[in-house]
Protein chains: 2
Amino acid sequence: MSDKIKILIADDEPDILEFLQYNLEREGYEIILAENGREAITKAKAHHPQMILLDIMMPELDGIETCRELRNIPEFKNTLIAFLTARNEDYSQIAGFDVGADDYITKPIKPRVLISRMKALMRRFGSEVQEENVSLGSIEIDREKYLVYKDGEKLSLPKKEFELLSLLASKPGKVFSRKEIMSKIWGNDIIVGDRTIDVHIRKLREKIGDDQFKTIKGIGYKFDV
Amino acid sequence: MSDKIKILIADDEPDILEFLQYNLEREGYEIILAENGREAITKAKAHHPQMILLDIMMPELDGIETCRELRNIPEFKNTLIAFLTARNEDYSQIAGFDVGADDYITKPIKPRVLISRMKALMRRFGSEVQEENVSLGSIEIDREKYLVYKDGEKLSLPKKEFELLSLLASKPGKVFSRKEIMSKIWGNDIIVGDRTIDVHIRKLREKIGDDQFKTIKGIGYKFDV
DNA sequence: GCCAATGTTAAAGATACGTTAAAATGGACA
DNA sequence: TGTCCATTTTAACGTATCTTTAACATTGGC
């Protein structure tokens, strides 16, 4: 699974976006850009960033409001959110924290300072991502414990099988294309043969149950009860 | 034990100390004061504050060094540490984060901003409350005394082994990835080889019991009964 | 019935982990 | 300061397990 940390940056000044993108990508982060608050929310939903940097002053939806809305979406309740703000804007600072921000960063932004602060935030909070557990029919998946229960019976699957099951079960009934499975589990850089997926599916069918895994020929697989 | 949140403040200017003490006590915090870094470390050990504010420029031991020393004491590995710094001291900012600080606060300090920031930090921190003692099955861990009891028999483990056990036992059943273990026990700056963790696990298996420590290949380890 | 896509199987390949001993580090103490 | 000892880390190697491949069988849509 691709493990680059994704950061969403929202600012209405293209110069700043470009500047941050350049500096952060060089550090190995994956950057997603947005030009206003509305776009930031849309892109956050699409890309699931671990961290979000918001300019306070933006058209469409300002940073404060954007943050408030994001915090109301369960997925982003624990995402790191930091504000970009001009010096001396103390009002923003207070309002920002009250709305659930984790930090604010004053402009002009110095890349080294920014990166240090981000690392400090992530060091402390980053690993606290708690993944949800899935329960469908007789199958239960405990992501934290890396365990699968089938009719209460404890199964411990190898990594790839677990990830595959975990992926398919994250949206029961949804058909995952082979492409999608590949990119989500192996990442976009690693290329594996087509038979590889089949083999893992086979193992899962053996262990979990034949009928739960349905093949949609020419498309992909789905998990269902 | 008093349930007030304790904050240790170290600064060599009595005015600032008094100012902060007044404002923070009014908010219901318990304040411990220190006039230099050396005193800060002594008092931290005595009072176990949840949060520490350090001035950068102090006699005896400056803030940066104090922070570094504190971070080397296991008890304070996860304590919130923030620096008090004059505006534009960017050097301090960087050095501060690299040394493991969680935030820096620029002087002149505005009480409302300070309190907001502290709350932002603690909001995150709150969920991370680690209990003093853990007891699972035949194992008992006394974090304060750095002791482990196995079937009532006292074991005194070396530091790293203790920390590793303590971490794994903090969430029994949860799989801790190697990455997670590394960052929680060694920090993000120190890099140790992969085999290092194995060796410590081995020692623990020897001393505590083979079956309690389970390997999840490709992921990490978990502790269970 | 044809053909491309998928299923099956076993074996090769890769990788992570276990184990051990030895080297490096660091603290206590003379 | 140097010596000693406990602790920590490294490095080398073996091994079990997981992952992928490849060859061949089977299936299902057209």
Side-chain angles (χ1 to χ4, degrees), chain A residues 1 3 146-148 155-168 175-187 189-223, chain B residues 41 68-69 71-74 77 146-148 155-168 175-187 189-223:
Chain A
M1 213 174 275
D3 57 352
Y146 259 80
L147 283 176
V148 177
L155 290 178
S156 131
L157 303 179
K159 188 175 153 183
K160 281 267 140 60
E161 284 169 43
F162 187 89
E163 285 177 0
L164 181 52
L165 172 61
S166 196
L167 175 65
L168 295 180
V175 179
F176 288 83
S177 72
R178 294 176 101 83
K179 242 187 178 175
E180 203 173 346
I181 293 172
M182 294 254 298
S183 89
K184 290 251 170 75
I185 293 189
W186 280 269
D189 313 321
I190 296 150
I191 296 159
V192 289
D194 256 353
R195 295 285 68 60
T196 302
I197 293 176
D198 306 345
V199 172
H200 286 300
I201 289 281
R202 181 178 193 289
K203 299 255 179 69
L204 285 175
R205 284 184 169 145
E206 244 172 28
K207 291 173 185 170
I208 309 290
D210 214 352
D211 344 301
Q212 268 98 314
F213 298 89
K214 277 161 206 153
T215 305
I216 316 298
K217 209 175 156 145
I219 315 290
Y221 296 95
K222 70 172 171 180
F223 179 75
Chain B
I41 292 174
R68 202 195 307 275
E69 286 199 24
R71 284 287 188 234
N72 281 332
I73 301 168
K77 201 143 259 164
Y146 256 74
L147 282 176
V148 177
L155 291 178
S156 124
L157 301 179
K159 189 172 143 190
K160 282 269 140 61
E161 284 169 43
F162 184 89
E163 286 177 5
L164 182 52
L165 173 61
S166 192
L167 174 66
L168 295 181
V175 177
F176 289 82
S177 72
R178 295 178 104 82
K179 244 186 179 174
E180 206 173 343
I181 292 173
M182 294 255 299
S183 89
K184 290 250 167 79
I185 294 188
W186 281 270
D189 313 321
I190 296 151
I191 295 160
V192 289
D194 257 352
R195 296 283 69 60
T196 302
I197 294 175
D198 306 346
V199 173
H200 287 298
I201 289 280
R202 181 177 193 289
K203 300 256 178 67
L204 286 175
R205 292 217 245 240
E206 248 172 25
K207 292 174 186 171
I208 309 290
D210 213 354
D211 344 298
Q212 268 98 314
F213 298 89
K214 275 163 206 150
T215 305
I216 314 298
K217 210 181 155 148
I219 313 293
Y221 295 94
K222 69 174 167 181
F223 180 74

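Worth saying up front: this structure is predicted, and the values here are computed from it rather than measured. Any value given below was found using the heavy atoms of this structure, including those in side chains, with hydrogens, waters and symmetry copies removed. First the proteins, then the strands, lettered A, B, ... as listed; each starts at 1.
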Base, sugar-phosphate, or nothing for A:Phe213, non-hydrogen atoms under 4.0 angstrom?
-> nothing
Students should find that the nucleotides of DNA chain C closing off the region near chain A, any atom under 4.0 angstrom from a heavy atom, are C:dA4 to C:dT9
Describe the nucleic acid contact of A:Phe162 in one word from base, sugar-phosphate, nothing, applying a heavy-atom distance below 4.0 Å.
-> nothing
Between A:His200 and D:dC18, is there a side-chain N or O to OP1/OP2 distance below 4.0 Å?
-> no
Would you indicate whether the side-chain heavy atoms of B:Ile201 and B:Leu168 approach each other to under 4.5 Å?
-> yes
Within the pair B:Thr196 and D:dT10, is there a side-chain N or O less than 4.0 Å away from OP1 or OP2?
-> yes
Would you call B:Trp186 and B:Thr196 a side-chain contact if the rule is heavy atoms closer than 4.5 Å?
-> yes
DNA chain C: 5'-proximal contact among B:Gly220 and B:Arg202 (nearest heavy atom) | B:Gly220
Within this structure, what is the CD1-to-P distance between A:Ile191 and D:dT21, rounded to whole angstrom?
-> 10 Å
Expressed in angstrom and rounded to an integer, what is the separation of A:Leu164 atom CG from D:dC18 atom C1'?
-> 14 Å
Of all the choices, D:dT10, D:dT9, D:dT7, which nucleotide is nearest to the side chain of B:Lys203 once you look at every atom?
-> D:dT9
Write down the atom of A:Glu180, the atom of A:Val175, and the distance for their closest heavy-atom approach.
-> OE1-O, 4.3 Å
Check whether any side-chain heavy atom of A:Leu155 sits under 4.5 Å from a side-chain heavy atom of A:Ile208, and report yes or no.
-> yes
Phosphate OP1/OP2 of D:dT19 contacted by A:Trp186 side-chain N/O (<4.0 Å) = no
Which nucleotide, D:dT9, D:dT21, D:dT19, lies nearest any side-chain atom of A:Val199?
-> D:dT21
Does a sphere of radius 6.0 Å around CD1 in A:Ile191 hold more than 12 heavy atoms from other residues, nucleotides or ligands, not counting ones at 6.0 Å or beyond?
-> no
Which whole-number value in Å describes the distance from B:Ile216 CD1 to D:dC18 C1'?
-> 13 Å
Considering only heavy atoms from C-beta outward, does the side chain of B:Tyr221 approach that of B:Leu164 to under 4.5 Å?
-> no
What nucleic acid atoms does B:Thr215 come within less than 4.0 Å of, heavy atoms only: base, sugar-phosphate, or nothing?
-> sugar-phosphate
Would you kindly give the CG-to-C1' distance between A:Leu157 and D:dC18, to the nearest whole Å?
-> 12 Å
Check the distance between D:dT17's P and B:Lys214's NZ and give it to me in whole angstrom.
-> 16 Å
Given side chain to side chain contact (heavy atoms under 4.5 Å, CB included), test B:Lys207 with B:Glu161 step by step and report yes or no.
-> CA-CA 10 Å; B:Lys207 292 174 186 171; B:Glu161 284 169 43; 2.9 Å; yes
Would you mind listing every side chain to side chain donor-acceptor pair (under 3.5 Å) that reaches into residues 210-219 of chain A, with sequence neighbours excluded?
-> A:Arg205-A:Thr215
B:Asp198 CG - D:dG14 P separation (whole Å) = 17 Å
Nearest-nucleotide comparison on DNA chain C, the residue closer to the 5′ end among A:Glu206 and B:Asp194 | A:Glu206
Can you tell me the distance, in whole Å, between the NZ atom of A:Lys159 and the P atom of D:dT19?
-> 8 Å
Assess whether one donor atom and one acceptor atom, taken from the side chain of B:Lys217 and the base of D:dT17, lie less than 3.5 Å apart.
-> yes
Residue met sooner reading DNA chain D from 5', once B:Val192 and B:Ser156 are mapped to nucleotides = B:Ser156
